[in-house]
Amino acid sequence: MTQMTENSVPRPLPEDWERALAVVAHPDDLEFGSSSAIARWTGQGKDVVELLVTKGEAGIDSMAPEECAPLRMAEQRASAAAVGAATVEFLDFPDGTLEYGLPLRAALAAAIRRHRPEVVVSINFRDHFPGGGGFNHADHRVLGPALLDSVRDAANRWVFREQFEEGLRPWSGVRLVAFGASPRATHYVELGEDDLAAGVASLDAHEVYLSNLSGFDQKAFLPQAAARAGEWAGVPLATGFEVFEV
């Protein structure tokens, strides 16, 4: 896999594809930037499936995990509907204690073999977010490398061969893996006003989760981020991605 450098001139993310698999650790991860791009793509007639590795059960301090998980799953389904993603799937890895290893790689490879995407989308796995001093969530930092490895695993017929008994076959059709909200963004997706509005609606769908965040202005966050990314990319509105070409 090859990756552009931090100092590269921003390039438009290729859009000559039909199927994407968006894989993140938690409900709400896609909504911090990537969901506006998903709205653009589904508006073009592309098929985007959302895969959540956890159910977000440890994400609300005031709510027990067994109560929290169904709520956050419902909010994610509503969020996906707002941007035209018709399919939302959940794995059952534990929120907050995701570990890199063969079980995670196998589950991700199986999803790639099942959905056969040309593009895989996720969230920033670097130590920090752009302009932020806080350390990135452990689950995000684990998922990124596992996802990149699973793309290669999914293409290798000699890895996770037991999946063939389930009817899954190797898939080498992933062209690129794009991580949103990365401080090492290399590519951008230009957004229209409608794309951005759909992205804002998708974030709004996480109503209970957001109500438990203090000091976060959800209405201003995405428009401000899209304007900053647009300035970087040389277009009115955009969202950035760190892209690994397979």
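Nothing fancy with the numbering, it's 1 onward along the sequence. This one's a predicted model, so the numbers in the text were calculated from it and none came from an experiment. When reading the values below, keep in mind they use all heavy atoms of this one structure, side chains included, and skip hydrogens, waters and symmetry mates.
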| Under the salt bridge (Lys or Arg N to Asp or Glu O under 4.0 Å) criterion, do Lys46 and Asp16 qualify, and how do the steps go? | CA-CA 10 Å; Lys46 302 183 191 303; Asp16 56 339; over 6 Å; no
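- At least one side-chain heavy atom of Phe129 sits under 4.5 Å from a side-chain heavy atom of Ile123.
- Side-chain contact check for Gln218 and His206: no donor-acceptor pair (N or O, by modelled atom type) lies under 3.5 Å.
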Counting only pairs under 3.5 Å, give me each side-chain donor-acceptor contact of residues 159-167, with atom names and distances, residues two or more places apart or in other chains.
| residue | atom | partner | partner atom | Å |
| --- | --- | --- | --- | --- |
| Gln163 | OE1 | Arg113 | NH1 | 2.8 |
| Gln163 | NE2 | Ala106 | O | 2.9 |

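- A salt bridge links Glu245 and Arg11; the closest N-O separation between the charged side-chain nitrogens and carboxylate oxygens is under 4.0 Å.
- Each of Asp92, Leu104, Val24, Asp95 was scored for a side-chain contact (heavy atoms from CB on, under 4.5 Å) with Val53, with one residue passing: Leu104.
- There is no path of hydrophobic side-chain contacts, each under 4.5 Å, that joins Leu168 to Val151.
- Atom CG of Asp153 and atom CG of Leu108 lie 9.0 Å apart (nearest 0.5 Å).
- In the hydrophobic cluster analysis, where Ile, Leu, Val, Met, Phe, Trp and Tyr join through side-chain heavy atoms closer than 4.5 angstrom, Leu91 is grouped together with Tyr100.
- Inspection of the His140 and Asp29 side chains reveals an N or O donor paired with an N or O acceptor under 3.5 Å.
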| field | Pair Val189-Arg40, side-chain contact (heavy atoms from CB on, under 4.5 Å): steps then yes or no | value | CA-CA 9 Å; Val189 173; Arg40 171 183 169 91; 3.5 Å; yes
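- Tracing side-chain contacts under 4.5 Å through hydrophobic residues (I, L, V, M, F, W, Y), one reaches Phe125 starting from Ile112; they form part of the same cluster.
- Residues satisfying the ring-ring contact (aromatic ring centres under 6.0 Å, His included) criterion with Phe32, sequence neighbours excluded, are Phe216, Phe221.
- In this structure, the side chains of Arg72 and Phe90 stay at 4.5 Å or more apart for every pair of heavy atoms.
- To the nearest 0.5 Å, the span separating OG on Ser182 from NE2 on His128 amounts to 12.0 Å.
- Between Phe179 and the options Val120, Leu148, Leu143, a side-chain contact (heavy atoms from CB on, under 4.5 Å) holds for only Leu148.
- At least one side-chain heavy atom of Glu118 sits less than 4.5 Å from a side-chain heavy atom of Glu18.
- Side-chain atoms of Thr54 and Asp139 form no donor-acceptor pair, as typed in the model, at a separation below 3.5 Å.
- Proximity of Val174 to Val119: side-chain heavy atoms (C-beta onward) are nowhere separated by under 4.5 Å.
- If you take CZ on Phe244 and OG on Ser122, they are separated by 11.0 Å, rounding to the nearest 0.5 Å.
- Here the side chains of Leu203 and Ser79 are not in contact, with every heavy-atom distance at 4.5 Å or above.
- No side-chain donor-acceptor contact under 3.5 Å links Glu242 and Thr186.
- A distance of 9.5 Å separates CG in Asp47 from OG1 in Thr42, rounded to the nearest 0.5 Å.
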| query | Yes or no on salt bridge (Lys or Arg N to Asp or Glu O under 4.0 Å) for Arg114 and Glu89, after CA distance, side-chain angles and deciding distance? | reply | CA-CA 12 Å; Arg114 184 168 63 254; Glu89 297 181 356; 3.0 Å; yes
